[in-house]
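Heads up: the structure comes next, in structure tokens.
Computed from a predicted structure; not experimentally measured.
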Amino acid sequence: MPLVKISEESIRRVAEIISGGGLAAFPTETVYGLGGDAYNPAALAKIFEAKGRPRFDPLIVHIAAVEALECVADTGLLDGAARKNLAALAGRFWPGPLTLVLPKRDAVPGLATSGLPTVAVRIPAHDAARRLIMLSTGAVAAPSANPFGYLSPTRAEHVLEMLGDKAGLILDGGPTTVGLESTVLDISGGQSRILRPGGTPKEAIEAVIGPVAVGLVAGESAESVPASENGMASPGMLKSHYAPRVPLSVYGNDSPGAMPNQPGAALLFFDGASRDAWLAGQRPPVNAAAIEVLSETGDAIEAAARLFETLHRLDSSGVERIHTQLAGDKGLGAAINDRLKRAAVYPQ
Ligand code: AMP
Ligand code: MG
């Protein structure tokens, strides 16, 4: 049985597998990760292989404590302002769902960073994850434990369903608490820039370091070709990503009434009031195959935690397509909308 509950013994087993060049899946507060030794090119190659992930999509390196940062990143290459931002952000958000892009050390193989001179680093806010990192090599590359492009796993069972044997051992810590990937913030040069919205809201980051830019730098394309060839800032920005197998369409937060009453379709509302307004606007019969709500009260934190889980469930429930209401664009709503919009680009 590749699923094992968290215990000191199972954490040690996972650490041994990773130290030995193998892969194992484990929970973090964001989503389940497929981990391998970040210093070992053969282990990194196995991660790309198991996920079917293109080599131009760099991996996040997970460390257990801020003292380990210099092993993977050369913060001496940052200018004074960036160094101050790093200290302030690490102090406020680590451990937690914030990934920082920093100048890379040579010890990190180019395969981990897709040839970029920078490395993406974070400290997960999950005790078992930090412990296994500490017991292995101290730096674990761990992208989401799913096939490339597909919905991220927020439960051990999702990993088993999607990767099976390819995940090796799967450490089962129950559902993840944040439910969305980390925010990726590049502080490696000039203006700080969010390359991928995620579990740490932009507003919270700006409260610590002031205004940040969002998205790719002008002239860069998110759609194609290797990072090393076109300077693409962050392949997490690829247009189609995080997608279910069935087609998904999105509707504005303020126009849930536009969602169709279509046989065989699932309707996913952000909040209970929108569902009620939609139901009130329909002439019977209601034909939708399923009607779900991410958060009855419209709480973005709860909605984020349930997003991927709900999409996994709908995706395997036999519905023909999913119509989804977007969140409001504030706080975690921005990351929820980012995932939904990219899940809506079909076919994958
Ligand atoms: P994942 O591991 O699937 O959560 O995704 C990692 C994401 O982090 C990538 O898709 C990129 O968007 C981003 N990333 C990782 N390393 C870098 C880097 N050196 N520069 C810019 N973005 C990065
Ligand atoms: Mg991923």
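- Connection of Val61 to Leu185 is established within a shared hydrophobic cluster, with ILVMFWY side chains joined at heavy-atom distances below 4.5 Å, either directly or through further cluster members.
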- Should Leu171 and Tyr32 be marked as a side-chain contact (heavy atoms from CB on, under 4.5 Å) after you check the CA-CA gap, both sets of side-chain angles, and the distance that decides it? CA-CA 9 Å; Leu171 201 55; Tyr32 275 72; 5.9 Å; no
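- The structure places CG of Leu326 at 11.0 Å from CG of Asp338, a figure rounded to the nearest 0.5 Å.
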- Item | Evaluation steps, side chain to side chain donor-acceptor pair (under 3.5 Å), between Arg306 and Ser295 | CA-CA 8 Å; Arg306 297 196 54 227; Ser295 164; over 6 Å; no
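- Not one N or O on the side chain of Asp74 forms a donor-acceptor pair closer than 3.5 Å with the backbone of Pro103.
- By the 4.0 Å N-to-carboxylate-O rule, Arg12 lies close enough to Glu8 to be salt-bridged with it.
- With Arg122 contributing its side chain and Gly96 its backbone, the two residues share a donor-acceptor pair below 3.5 Å.
- From Glu292, atom CD reaches atom CG of Leu294 across 8.5 Å, with rounding to the nearest 0.5 Å.
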- Message: I'd like to know whether Ser182 forms a side chain to side chain donor-acceptor pair (under 3.5 Å) with Thr99, so could you lay out the CA-CA distance, the side-chain angles of the two residues, the decisive distance to 0.1 Å, and finally the verdict.
- Response: CA-CA 6 Å; Ser182 60; Thr99 295; 2.7 Å; yes
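- With sequence neighbours excluded, the residues satisfying side chain to side chain donor-acceptor pair (under 3.5 Å) with Glu70 are Thr75, Arg105.
- Under the 30°/60° scheme for interplanar angles, the aromatic rings of Phe269 and Trp278 are found to be tilted.
- Rounded to the nearest 0.5 angstrom, Asp186 CG and Leu116 CG are separated by 9.5 Å.
- Note: His62 and Phe26 have perpendicular aromatic rings, judged against thresholds of 30 and 60 degrees for the angle between ring planes.
- A salt bridge links Asp127 and Arg130; the closest N-O separation between the charged side-chain nitrogens and carboxylate oxygens is under 4.0 Å.
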- Message: For Arg245 and Ser316: C-alpha separation, side-chain torsions, deciding distance, then whether side chain to side chain donor-acceptor pair (under 3.5 Å) applies.
- Response: CA-CA 9 Å; Arg245 284 172 296 237; Ser316 47; 5.1 Å; no
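- Lys330 and Glu203 are not joined by a salt bridge, as no carboxylate oxygen comes within less than 4.0 angstrom of a charged side-chain nitrogen.
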- Task: Before giving the answer on side-chain contact (heavy atoms from CB on, under 4.5 Å), spell out for Leu102 and Ile187 the whole-Å C-alpha distance, their side-chain angles and the decisive distance to 0.1 Å.
- Result: CA-CA 6 Å; Leu102 298 163; Ile187 59 167; 3.7 Å; yes
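- For the salt bridge (Lys or Arg N to Asp or Glu O under 4.0 Å) condition, the pairs that include at least one residue of residues 167-185, sequence neighbours left out, are Lys5-Asp172, Glu181-Arg339.
- A continuous path of hydrophobic side-chain contacts links Leu163 to Leu44 [ILVMFWY only; heavy atoms under 4.5 Å].
- Salt bridge status for Glu296 with Arg275: present, with a side-chain N to carboxylate O gap under 4.0 Å.
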- Are Phe93 and Thr183 close enough, and set up right, to give a side-chain contact (heavy atoms from CB on, under 4.5 Å), and what steps lead you there? CA-CA 11 Å; Phe93 295 112; Thr183 300; over 6 Å; no
- Query: Does the pair Ile291 and Val286 meet the rule for a side-chain contact (heavy atoms from CB on, under 4.5 Å), with working shown?
  - Reply: CA-CA 10 Å; Ile291 297 181; Val286 168; 4.0 Å; yes
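- Judged by distance alone, the side chain of Thr176 and the main-chain N or O of Thr30 form a donor-acceptor pair under 3.5 Å.
- Under 4.0 Å is where a charged nitrogen must lie from a carboxylate oxygen, and between Lys202 and Glu206 at least one such pair does.
- A heavy-atom distance below 4.5 Å is not found between the side chains of Pro256 and Tyr251.
- The shortest distance between side-chain heavy atoms of Val214 and Pro197 does not fall below 4.5 Å.
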